[in-house]
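Down below is the structure, laid out as structure tokens.
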Amino acid sequence: MTSNLFRLGCVAGLAWATTAVAEPETQAIVDALFKAGGNQPNVRGSGAKGVCVRGSFTPSAEASGLSKAPHFSKDGTGKPLPVTARFSMGGSNPKVSDKAKPVTRGFSMRIGDPSGDMVFVFISAPVFGTKTPQQLLDFATVRAPGPDGKPDADKIKAFAAANPETTRQAAWLNARPVPASYAGVDYWGVHAYTLTDAKGTATVAKLKTVAAAGQLGLSDDEAKAKPDAFYADELKERLAQGPASFDLVAVLGEAGDPTADPTAQWPEADRKSVKLGTLSIAALEPAATCDGATFDPVVDLPAGVAGPADDPMFAIRSPAYAISLSRRTN
Ligand code: HEM
């Protein structure tokens, strides 16, 4: 299993190396992400503000029909698998308000198994903000604060007009209320994954978590009454009453669904969905449990689950997260 993990990572890395000639340096992208959030020390390049939690994952009876990953198998001990997870606010500013809009909330999870970990890093929107690394570099660069501490609104407007697909995520978030809880919103993996079963049958799917609590939104008046940091306390109080659970769901792709563009949404309501299992978040964990490593969604995948080889935004995440880890831990 471990060698498979490494093979996947290396294959993704090679694919990137051969197509990277015209793309910007990963370092430049990470620098731009930090700059957009005010270059704060000792924080992540995105998801700088967050809460570390622990829980468990129990696969559904249908999961092994789609993927041979041991994490989806019911053949083992039948015991739930341990999960370390982190909820977060998008961006590199650790002081961002929990009421901020349009900002994605993040849900990163490490599902443990004796064969190795399975890591997913999801956000509270079905689409990402950019389609290529160059576009992400430009997107972050126009958001760098000027001497007055604010980005240039005209530059942001001009970028959006020239890159209309980059406005889809904000439009989606702006059409919905600010989540009242990290446990009261759905999260998406955004990329198209390939799930492969024990017979070698491959299924292209987008992954998401569906909150058992439903979509808990704040009205404008409720939001005004909240402090800028309330998610951590809300979660602590919620978990004191019992676990917060989410279904992990695979939305199955059909011919023609784009697999290389994370700004493109699939028509989910018209697609078949399969529940892969239940994530149960039980308690808060010290931040240190989540801070010593990255949630690397590229390398930490078992055989039976693969990211898209043709989506340039996927493979680059691994080196970008490593650069950010080294910056925040040195
Ligand atoms: C080229 C594409 C991307 C780049 C360069 C990038 C960059 C980063 C960086 C530098 C970090 C901090 C890592 C760390 O210090 O541990 C991070 C974290 C994060 N990213 Fe990305 N990202 C990309 C794509 C995405 C996508 C597509 C999603 C949504 C599915 C996403 C969601 C997140 C989340 C939720 C975190 C917080 C992780 C945590 O809690 O530790 N990112 N990203």
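We number each residue from 1, following the sequence as shown. Whatever order the structure lists them in is the order used to number ligands and atoms, beginning at 1.
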Protein contact of atom 28 (C) of ligand 1 - nearest heavy atom, named by residue and atom, plus distance: R317 NH2, 3.3 Å
Flag the pair F120 / F295 as yes when their ring centroid distance falls below 6.0 Å, and as no otherwise. no
Looking at ligand 1, does G50 have a heavy atom less than 4.0 Å from it? no
Are R168 and W172 in a cation-pi setup, meaning NZ or CZ lies under 6.0 angstrom from the ring centre and within 45 degrees of the ring axis? no
With a 6.0 Å cut-off on ring centres, are F122 and Y187 close enough? no
Roughly how far, to the nearest 0.5 Å, is NZ of K99 from NZ of K224? 9.5 Å
Could you walk me through whether M118 and D113 pass the side-chain contact (heavy atoms from CB on, under 4.5 Å) check? CA-CA 8 Å; M118 177 166 70; D113 182 77; over 6 Å; no
Numbered atoms of ligand 1 (with element) below 4.0 Å of G45, judged on heavy atoms: 12 (C)
Applying a 4.0 Å heavy-atom criterion (strictly less than), which segment of I316 is in contact with ligand 1: side chain, backbone, both, or neither? side chain
Give the atom numbers and elements of ligand 1 that come within less than 4.0 Å of a heavy atom of F122. 35 (C)
Using the benzene-type ring in the case of Trp, are the ring centres of F246 and F107 under 6.0 Å apart? yes
How far is atom 36 (C) of ligand 1 from its nearest protein heavy atom, and which residue and atom name does that atom have? V121 CG1, 4.0 Å
Give me the nearest non-hydrogen protein atom to atom 2 (C) of ligand 1 as residue plus atom name, then the distance to 0.1 Å. M313 CE, 3.4 Å
Do you know which of D311, T194, D310 makes side chain to side chain donor-acceptor pair (under 3.5 Å) with T259? D310
Answer with yes or no after comparing the ring centroid distance for W188 and W266 against a 6.0 Å cut-off, counting only values under it. no
Using 0.5 Å steps for rounding, measure from the CZ atom of F159 to the CZ atom of F139. 6.5 Å
Between I281 and I111, is there shared hydrophobic-cluster membership here, with clusters defined by ILVMFWY side-chain heavy atoms closer than 4.5 Å? yes
Which ligand 1 atoms are under 4.0 Å away from a heavy-atom of L33? 7 (C)
Distance from atom 18 (C) of ligand 1 to nearest protein heavy atom, with residue and atom: S46 O, 3.4 Å
R327 NZ/CZ over F34 ring centroid, <6.0 Å and within 45° of normal: yes
Identity and distance of the protein heavy atom lying nearest atom 38 (C) of ligand 1: S108 OG, 3.3 Å
Which ligand 1 atoms are under 4.0 Å away from a heavy-atom of G106? 35 (C)
Looking only at heavy atoms, is any part of T104 under 4.0 Å from ligand 1, and if so is it the side chain, the backbone, or both, or is it neither? neither
Taking heavy atoms and a distance under 4.0 Å, where does T130 meet ligand 1: side chain, backbone, both or neither? neither
Quick one: do R110 and D300 make a salt bridge, cutoff under 4.0 Å? yes
Are H191 and ligand 1 in contact, using a heavy-atom cut-off of under 4.0 Å? yes
Which atoms of ligand 1 have any heavy atom of A320 under 4.0 Å away? 5 (C), 10 (C)
Who's the nearest protein heavy-atom neighbour of atom 43 (N) of ligand 1, and how far? Y321 CE1, 3.0 Å
Which is closest to atom 16 (O) of ligand 1 in terms of heavy atoms, R328, M109, Q135, R86? R328
The option among Y187, F128, F87 carrying the non-hydrogen atom nearest to atom 26 (C) of ligand 1 is F128
On a heavy-atom basis, the closest approach of R86 and G50 is NH2-N, 3.4 Å
Can you confirm, on distance only, whether ligand 1 has an N/O atom lying under 3.5 Å from any N/O atom belonging to R44? yes
Does the distance from a Lys or Arg side-chain N to an Asp or Glu carboxylate O, for R271 and E254, drop under 4.0 Å? yes
With heavy atoms of I123 as the reference, note each atom of ligand 1 found under 4.0 Å away. 29 (C), 30 (C), 32 (C)
Under 4.0 Å, counting heavy atoms only: does G189 come that close to any atom of ligand 1? yes
Can you pull out the closest protein heavy atom to atom 15 (O) of ligand 1? Residue, atom name and distance to 0.1 Å, please. S324 OG, 2.5 Å
List ligand 1 atoms under 4.0 Å from L136, heavy atoms only on the residue side. 1 (C), 2 (C), 3 (C), 4 (C), 5 (C)
